[in-house]
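Below is one structure; the comments refer to it alone.
Just so we're clear, the structure is a prediction, and the values are computed from it rather than from any experiment. Positions are given from 1 along the sequence.
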Amino acid sequence: MNAGPAPEWAPAIPVVQAPMAGGASTPELAAAVSEAGGLGFLAAGYRTAGRMRADIERTRELTSRPFGVNLFMPSSDAVDDAAVAAYRARLGAEGGRLGVEPGTPQARDDGWDAKAADLLADPPAFVSVTFGCPGAGLVRAFRRAGAVVIVTVTTADEAREAAGAGADALCVQGMEAGAHRGSFTNTGEGALPLRALLAAVREVVGGLPLIAAGGLGTAAQVADVLALGAVAAQCGTAFLRCPESGASAVHKAALADPRFTETAMTRAFSGRPARGLVNRFLVEHSPHAPAAYPDVHYVTSPLRKAAAAQGDPDAVNLWAGEAFRSAADAPAAEIVAALAAGTA
């Protein structure tokens with residue numbers, strides 16, 4: 001199990017700001033959440049090691065309080081290149097409408113080695129990992145470097161593996177969560193609602209600290225998962241509309257737009273199951289998207305950027321959890337306080 005006693009790490013207020021790759025998680029957001037007593041997170045996904053380091057240093061300029069950075073484990077799932085090519089061809093009409101060409105697949109490791117080496121040399125207080133579990137040796141190395149290691153899990157089996165590797169805590173992500181499902185493999189199978197998943201994970205990891213994630217957007221929902229034994233609630237969508245968020249204007253507006261009434265899981269934008277607001281692109285292309293991550297992410301990237309720039313909410317990924325209607329246009333510190341209202 002753990003290589004030694006877990007460091008003291010629980011934030012003063014049991015609210016963790018989810019790391020949201022793609023631009024939503026900014027140094028300003030992470031710092032504001034940590035300054036408010038919660039735990040802010042940077043997202044290193046899709047960033048170079050150099051950009052990740054710049055974000056860490058900027059956050060350190062903004063706050064002296066602990067914060068974290070999240071890494072994406074490299075994808076090891078087999079990919080059908082012909083299926084990706086066929087999907088790219090299908091999206092040609094979308095590109096023509098938006099005035100751009102669909103992209104082409106790039107490296108699949110997200111710069112893992114360079115980012116891990118950088119963090120081992122100088123980590124923030126927390127390092128979390130999504131889409132897999134590092135080996136026990138790397139977990140021990142992060143801990144020796146002074147970082148608390150958190151692994152995202154979506155099943156009891158994943159939790160057992162992460163605990164065995166020596167993780168200090170687990171982020172338990174229920175099916176209600178917005179954006180990507182953080183499963184170790186590219187699958188939607190075995191997805192459980194958060195509260196059922198918390199119970200299942202607790203059975204296999206005993207007293208290991210659990211951070212609850214998925215559809216948490218109100219103080220009552222936060223209090224509920226704390227009562228079920230979570231040490232903190234991780235919230236992402238709740239912070240998307242705040243001024244410190246780097247989410248696009250079209251994304252922020254869509255979260256409050258009454259014509260968007262529900263969320264759904266889709267592979268249409270990235271090739272991996274992810275929850276977002278139901279829009280035209282999701283409806284039309286979800287049935288045809290292959291299980292190919294991050295290949296599909298790179299194919300759709302130019303389309304999504306163009307759609308956001310043109311203010312078109314029907315051709316961009318609008319990641320959102322099931323509690324998206326609770327997302328408020330308010331400073332991050334106010335959101336932290338509102339989420340924690342009534343908690344001890």
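- Note that CG of L303 and CG of D312 are 11.0 Å apart. Values are rounded to the nearest 0.5 Å.
- Under the 30°/60° scheme for interplanar angles, the aromatic rings of Y87 and H285 are found to stand perpendicular.
- Judged by distance alone, the side chain of T26 and the main-chain N or O of E244 form a donor-acceptor pair under 3.5 Å.
- Judged by distance alone, the side chain of E334 and the main-chain N or O of C242 form no donor-acceptor pair under 3.5 Å.
- Ion pairing between a basic and an acidic side chain is recognised when a charged N comes within 4.0 Å of a carboxylate O; R58 and E28 show such pairing.
- Using a cut-off of 4.0 Å between Lys/Arg side-chain N and Asp/Glu carboxylate O, R280 and E94 are scored as salt-bridged.
- Using a 30° and 60° split on the angle between ring planes, Y46 and F72 fall in the perpendicular class, above 60°.
- Take A191 and apply the side-chain contact (heavy atoms from CB on, under 4.5 Å) test, not counting sequence neighbours, and it matches M175, R181.
- Atom-to-atom distance recorded for R272:CZ and S75:OG is 6.5 Å, nearest 0.5 angstrom.
- Here the closest heavy-atom approach between residue A44 and residue L71 is recorded as CB-CD2, 3.8 Å.
- Between F260 and F324, a ring centre-to-centre spacing not shorter than 6.0 Å is recorded.
- Between D157 and R160 there is a salt bridge, since at least one side-chain N of the basic residue sits less than 4.0 Å from a carboxylate O of the acidic one.
- Proximity of a side-chain donor or acceptor of K252 to a complementary backbone N or O of D329 within less than 3.5 Å is not detected.
- A salt bridge links R143 and D168; the closest N-O separation between the charged side-chain nitrogens and carboxylate oxygens is under 4.0 Å.
- Clustering ILVMFWY residues whenever any of their side-chain heavy atoms sit less than 4.5 angstrom apart, transitively, puts V129 in the very cluster that holds Y293.
- From Q234, atom CD reaches atom CG of L216 across 9.0 Å, with rounding to the nearest 0.5 Å.
- Here R88 does not pair with D295 in a salt bridge; the nearest charged N to carboxylate O distance is not below 4.0 Å.
- With values rounded to the nearest 0.5 angstrom, S270 atom OG is found 8.0 Å from N186 atom CG.
- Ring centroid separation for the pair W319 and H251 does not come in under the 6.0 Å cut-off.
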